[in-house]
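Below, chain A is the first sequence line, B the second, and so on; all start at residue 1.
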Amino acid sequence: MSTQNILEKHAPERHNILMILHDLQDHHPQNYLTEEALEATARYLKLTKASVYGVAGYYTMFSLKPRGRHIIRVCVSAVCELKKSESVIAHLESTLGIKTGQTTPCGLFTLELSECIGQCHEAPSMMIGQAVYNNLDAERIREVIESIRNQG
Amino acid sequence: MIKETRIVLKNIGKINPESIDDYIAAGGYKGLRKALSMDPLSIIDEMTEAGLRGRGGAGFSTGMKKKFTSQGCLECPQRYVVVNADEGEPGTFKDRVIMEQDPHLYIEGTIIAGYSIQATKGFIYIRAEYYASIDKTRKAIKAAYEKGFLGSNILGSGFDFDLEIKLGAGSYLCGEELTMLESLEGKRGNPRIKPPFPAEKGVFGMPTLVNNVETLANVPHIVLNGKDWYRQFGTERSPGTKVFTISGQVRLPGHYEIGLGVTLRQLIDDLAGGMLPGKTFKAALLGGAAGTFVDASMLDEKMTYDNLREKGATLGSGAVIVLAEGDSVYDVLLNCLRFFRHESCGKCVPCRVGTSLLVRETENLKNVAAGKALLDRMVRESEIMAATSLCPLGQSPILPLESAARYFESELVSG
C-alpha cells in the first residue's frame, strides 16, 4: 500500500496523527517511519515537519531508524525483573547474536526493552510483534525464536 | 477464608467476548435500556449515592465527576466521554482482562456515562501494546452499532452516541487524564496546567468526562441494581468491589475481585493461594510504581482508599506486587525510579532533573558511608518534586521512595 493510500484511510485532522503514524510504521517492512513518510504526513495534516517529527520522536513505539521485521519487546518492569527478566535478555542476546537495541544482520529481529505489558501473573514476559509470550525460560525462548525463523 | 465477589468480572471466562449475543444473554445492555428510560441527572445521583470512586487509582467520586462535567461550560456545543484504557502502571492488568474478555461491559458503561452527561461522542484511548484489547474492543463496537446500542437514536430513545478507538504509542504519562487529552488531540504527551479541569475544558476545549475502564464496567450494574445493592459490598467510604492484580511470589498470581476493606493477608492467603512454597512474606508494593511499599505490619490493615492513605500507603490501581525474604526492596525501588526517569516528559524541570537525580543517588546509596543522610536528602528532593511538578508523574517517586525508606531503611543504606 502506498503512503498516500495509507494516509487517506484517515481523515486529514491532527487528532488522527498517532493512528496515521502507527499505520505507516506497521506497513513498512522495516517497522519504522521514513523521512518521506513524516513529510507526507505533515503535508496531509497541514502541519509543519517539525511538529510531526516532534510527535513521532516523543512516543517510544515509533522508530525513526530501520528495524527488523519482528520487534521483540522484553518487559523489564518490576515484576518481570523480580522473575529474572535479565536472564530472558541474556538468552535472547545469545540466541540472536545481537545486543539489546540491535537488529539481526538478516533483518528478521530487533531486540528492545519494554515497560510493563500487563502480563505480571505469568512473568517474565515479552512481546514479538503483536504476540505475547509468558513464563519464559531458556527452552521456551529458543522454541519461539526458532519457529519464527522457520517461518521467515 | 474469603471468596471473590465478582461484579465487573462476572462474565470473565463464561462468555465469548466476541459474541454480543452471549453478552446480552448474560443480562448485558439491560443497564443501558434502563438508563435510557431515566432522567440523566438521576443516573448521576445514583452514582454519587452508590459511592463509586474512580478505579484508575485516584479514587475520586465518579458521580461528582459526572456532575461537574454535565454542568461544565453550558454554552459549549459538545461534550465528550474519554475512556482511559491506557493501563500501564507496573503490576496492573485489570483493565486488560475486562477489555479482552468482556468488552461489551465497559462499552455499555461508556454509553450510559455519555447519556448521563449528554455527550454524543466518546473516545477509547487504549495503549497500542494491548493488541488483543484493541481487537476485542473494535469487534465489540462494531457489533454494538449493528444492534443499535451505538449510533443515532439508540434503542428509539432519541439519544445519539458514537464511539471511536484511539491508540497511544508507548507513553505511560498519557494515562494521566490531562496528558491523555493532549495525546488525543494529536500532540506530544505533555501535561496541561489545571485548572481548567477536563469537566470544564477537556478534549478539543469541550467538557470531558475521563473515566477508567474498571470504573465504567461498574456503571451498568449500579444502574440496573441500584445504589443500595452496590453499597452492600465494600465499606461505608469505599463502597463496592475492586479488581486486584496480584503478582510476585505467590502461588496463584492473577486478577481477583473482592469488596474493598479486604486485608492484604486475605488477598495473599485466601485468594492468591499464599506464598510460593518455601517463601516468606517480606513486603508488598501496593499500586505499582506510583505506589507504596508495606511490610508485614500492614498485612491486617483494611484495603480501602482512606484507611491506606491514613497509614501512609496507597490502594492505587489495585496492583499488589508481593516480595519474599531474599528479594531486594532496593532493586524494586531502583526499578521504579528508573521507570519514572524513562517516562518523565521533561516539561517540568523538577521532574526532569529529579527523576534522573534520584536514580543516580539510589545507585550510589550502597557506596557511600553516609547512606542515611543521602536517603533523607532523596526523600526531601522527592518532596520538592511532588510540590513543584504539574502532573502525577513528578508527584509519584516520593511514594515508593518514602515508604521504602520508612520500612526498609537498613536494607537501602547498608546494602
Part of [X] lying under 4.5 Å from any heavy atom of chain A:
X: His342(B); result: side chain
X: Glu164(B); result: side chain
X: Leu173(B); result: side chain
X: Thr245(B); result: neither
X: Lys166(B); result: both
X: Val97(B); result: neither
X: Glu87(B); result: neither

For the pair [X] (side chain) and [Y] (backbone), establish whether a donor and an acceptor sit closer than 3.5 Å, ignoring hydrogens and angles.
X: Asn335(B); Y: Val76(A); answer: yes
X: His22(A); Y: Gly168(B); answer: yes
X: Arg188(B); Y: Val55(A); answer: no

Measure distances from Ala78(A) to the heavy atoms of chain B and classify the residue's part below 4.5 Å as side chain, backbone, both or neither.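 Contact with chain B: backbone and side chain both.
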
For a 4.5 angstrom cut-off between non-hydrogen side-chain atoms, does [X] reach [Y]?
X: Leu18(A); Y: Tyr125(B); result: yes
X: Gln130(A); Y: Glu129(B); result: no
X: Ile321(B); Y: Val79(A); result: yes

Considering all heavy atoms, the nearest Leu82(A)-Asp327(B) contact: CD1-CG, 3.8 Å

Taking all heavy atoms of Gly91(B) and all of Cys116(A), pick out the closest pair and write down the distance.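 It is N-SG, 3.5 Å.
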
Please indicate whether [X] has more than 12 foreign heavy atoms, meaning atoms of other residues, nucleotides or ligands, lying under 6.0 Å from its [atom1].
X: Lys201(B); atom1: NZ; result: no
X: Lys9(A); atom1: NZ; result: yes
X: Arg69(A); atom1: CZ; result: no
X: Tyr53(A); atom1: OH; result: no

So, taking the atom named NE2 in His121(A) and the one named CZ in Phe93(B), what distance separates them when rounded to the nearest 0.5 Å?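 If I round to the nearest 0.5 Å, the distance is 5.0 Å.
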
If you round to the nearest 0.5 Å, how far is CD1 of Ile117(A) from OH of Tyr130(B)? 8.5 Å

Greatest number of heavy atom pairs closer than 4.5 Å to chain A - which of [options]:
options: Ser183(B), Ala289(B), Gly254(B); result: Ser183(B)
options: Pro253(B), Gly189(B), Gly248(B), Ala128(B); result: Gly189(B)
options: Ser247(B), Ala272(B), Gly288(B); result: Ser247(B)

Do you know which of Ile17(A), Leu21(A), Thr60(A) has the most heavy-atom pairs with chain B at a distance under 4.5 angstrom? Thr60(A)

Start with the C-alpha gap between Glu115(A) and Tyr172(B), add the side-chain angles, then the distance that decides, and say whether side-chain contact (heavy atoms from CB on, under 4.5 Å) holds. CA-CA 9 Å; Glu115(A) 300 302 345; Tyr172(B) 165 73; over 6 Å; no

Phe204(B) vs His15(A) aromatic rings, parallel, tilted or perpendicular, using cut-offs 30° and 60°? perpendicular

Stepwise side-chain contact (heavy atoms from CB on, under 4.5 Å) test for Cys174(B) and Tyr59(A): CA-CA 10 Å; Cys174(B) 290; Tyr59(A) 294 92; 3.8 Å; yes

For the pair Met61(A) and Arg127(B), evaluate side-chain contact (heavy atoms from CB on, under 4.5 Å) and give the outcome as yes or no after the intermediate values. CA-CA 10 Å; Met61(A) 283 183 82; Arg127(B) 64 181 295 197; over 6 Å; no

For a side-chain contact (heavy atoms from CB on, under 4.5 Å) check, start with the C-alpha distance between Tyr58(A) and Asn190(B), then their side-chain angles and the critical distance, and finish with the verdict. CA-CA 10 Å; Tyr58(A) 176 88; Asn190(B) 294 331; 4.0 Å; yes

